[in-house]
Each structure stands twice: as structure tokens, then as C-alpha cells.
Amino acid sequence: MKKAIKTLCVVAIALFAIPQHADAQFFKKLKEAAKSVVKETIETDPVAKEQKAATPNAAAGPKFVASANGVSIANPAMESFDLEFVEAVGNSAANTVTIVVKATAKDLNYANARIGDNNVTAYDSDGNEYKSNNGTGSKNLTVGIPIKFEFSELVNVPAKVSVLPVVYTTYYINSAKSSRAGNLSTYVQLKNVPVTWK
């Protein structure tokens, strides 16, 4: 009887062990198949290729370049255009701030380019957030010619704010080269923006 119970227990354990091993093998094979499908999709889908190419830069964070006037700029489209901070002017009567930059195309001419249009967000040193509420027009970028862009006005900014530690805004030069909604690593960023009040 003891021998029969022992044999029955061994058989039961073996029966439970075999499906688990088979399940583990099945899920391992499924995982490998999924990896190859994802890899094939990325290699053949142009949008997925672009996202994959952007991922390492996004993970590393934006690359800031310091300018002579102390403002650091992160330009995600630096291969297409240079960006330079010009000024940030505050209107103390209206409590608005307008930021001006210069963009110079490097590789191609771009029609209807937009920088700082209707999506500008800034923070002061106390953590207060300021946003724009209007749009700006588009401009043409010609290789080698600097063009000034005024960002949409930041509203409700108190005149006591003398520096904006960070400003985020969108850009668009064509469908392949533009900011992606909700992805700050694709936005133009300015750090330590001094505000001159008038």
C-alpha cells in the first residue's frame, strides 16, 4: 500500500511538473516570437523607425547649448536650424511676457515654419506656471538668413519675475520635423531666460 501511494504521488508530481515546464517553454517561445514581430515592425514601419531613432535622445534628455547671454537652449531640430535667444520683454501693464528668438535654416528652405506658436509654458523660481493663450504666424526659413520668431505671449506673469528658469515651446518646420504633443523631449527649451520689463 505504501508503495502504491508513493508511486501515485510520484506520478501526480510528474503530471503537475510536465505542464508547467511546457507552459514555461510555450511562454518563452511566445516572447521570442513577439520580439521578432516588434523588430520586424520597427524595421519596416517609417513612423516606428523615427520613434526608435528619437528614443535614445529622449532617454538621454535634451542637449543644452549655452549662449553668450547666459540663456541655454535645447533645440531638438539642431540638424535643421540654429536657434538663438534674442530677448524676453515683459509688459507690466498687461502682465505679459513675449520671448523672441532667431532661427537660421542650415540644410533646406522651409515654408510656413512655426516656433513658439500657441503652446508656450514657462515656470518661475517659485514653481508658478505661465502659459500662452494666443497664436503667432508662420514664417519662411531660408538657409543662412536669420529670422526672428516671437513666441505666443505668456499671460498673468507678475512684474516681479525677473528670470524664467525654464521655458518650453513647440516648433514645426515640416511633418517629419516638428514637436510631438506631450513629449517634452521634442520641444524647444530655454533655461535662465532674463525678463526685461517695460
Side-chain angles (χ1 to χ4, degrees), residues 54 57-58 60-174 177-198:
N57 295 338
K63 181 180 178 184
F64 284 90
V65 177
S67 61
N69 53 21
V71 176
S72 296
I73 301 172
N75 177 5
M78 65 176 60
E79 73 284 349
S80 301
F81 64 88
D82 286 324
L83 200 59
E84 177 186 341
F85 172 77
V86 176
E87 64 181 348
V89 178
N91 179 333
S92 55
N95 288 102
T96 60
V97 173
T98 302
I99 298 170
V100 181
V101 296
K102 265 195 267 187
T104 308
K106 291 180 171 181
D107 57 349
L108 299 170
N109 296 333
Y110 299 102
N112 300 316
R114 295 176 181 269
I115 301 173
D117 178 40
N118 201 29
N119 195 351
V120 183
T121 303
Y123 295 91
D124 65 19
S125 57
D126 291 329
N128 298 310
E129 181 181 74
Y130 307 104
K131 291 185 170 269
S132 61
N133 67 356
N134 58 357
T136 60
S138 62
K139 297 188 177 182
N140 296 330
L141 281 175
T142 304
V143 173
I145 308 295
I147 304 295
K148 285 186 180 178
F149 286 85
E150 281 189 3
F151 289 7
S152 300
E153 285 181 337
L154 294 166
V155 296
N156 301 321
V157 183
K160 67 179 184 174
V161 174
S162 59
V163 175
L164 296 169
V166 66
V167 177
Y168 297 99
T169 192
T170 55
Y171 77 95
Y172 173 90
I173 54 175
N174 64 31
K177 297 177 183 180
S178 64
S179 301
R180 304 283 185 258
N183 185 349
L184 289 180
S185 66
T186 66
Y187 284 35
V188 168
Q189 297 180 47
L190 308 176
K191 279 190 176 177
N192 302 318
V193 176
V195 180
T196 305
W197 290 93
K198 296 184 178 179

Rounded to the nearest 0.5 Å, what's the gap from [atom1] on [X] to [atom2] on [Y]? Could you check?
X	Y	atom1	atom2	result
E150	T136	CD	OG1	8.5 Å
L83	I73	CG	CD1	5.0 Å
L164	T121	CG	OG1	11.5 Å
S92	K198	OG	NZ	11.0 Å
N156	N95	CG	CG	7.0 Å
N91	L154	CG	CG	12.5 Å

Is a donor on one side and an acceptor on the other found under 3.5 Å between the side chain of [X] and the backbone of [Y]?
X	Y	answer
S178	I173	no
D124	D126	yes
N192	V71	no
S179	Y171	yes
S152	N134	yes
E84	S67	no
W197	S162	no
N109	V143	yes

Might you point out which heavy atoms bring [X] and [Y] nearest each other, and give the distance in Å?
X	Y	result
P62	A74	CB-CB, 3.7 Å
Y123	P165	O-CD, 2.9 Å
K106	D82	CE-OD1, 2.7 Å
Y187	R180	CE1-O, 3.4 Å

Mark yes when over 12 heavy atoms from residues, nucleotides or ligands other than K148 sit less than 6.0 Å from its NZ; otherwise mark no. no
Give a yes or no on this: more than 12 heavy atoms of other residues, nucleotides or ligands lie within 6.0 Å of atom NZ of K102. no
Are the side chains of [X] and [Y] in touch, meaning some heavy atoms are under 4.5 Å apart?
X	Y	result
Y168	V166	yes
F85	I99	yes
V120	V167	yes
V155	S132	no

Start with the C-alpha gap between F149 and T169, add the side-chain angles, then the distance that decides, and say whether side chain to side chain contact (heavy atoms under 4.5 Å, CB included) holds. CA-CA 12 Å; F149 286 85; T169 192; over 6 Å; no
Any chance the side chains of N174 and Y110 put a donor and an acceptor closer than 3.5 Å? no
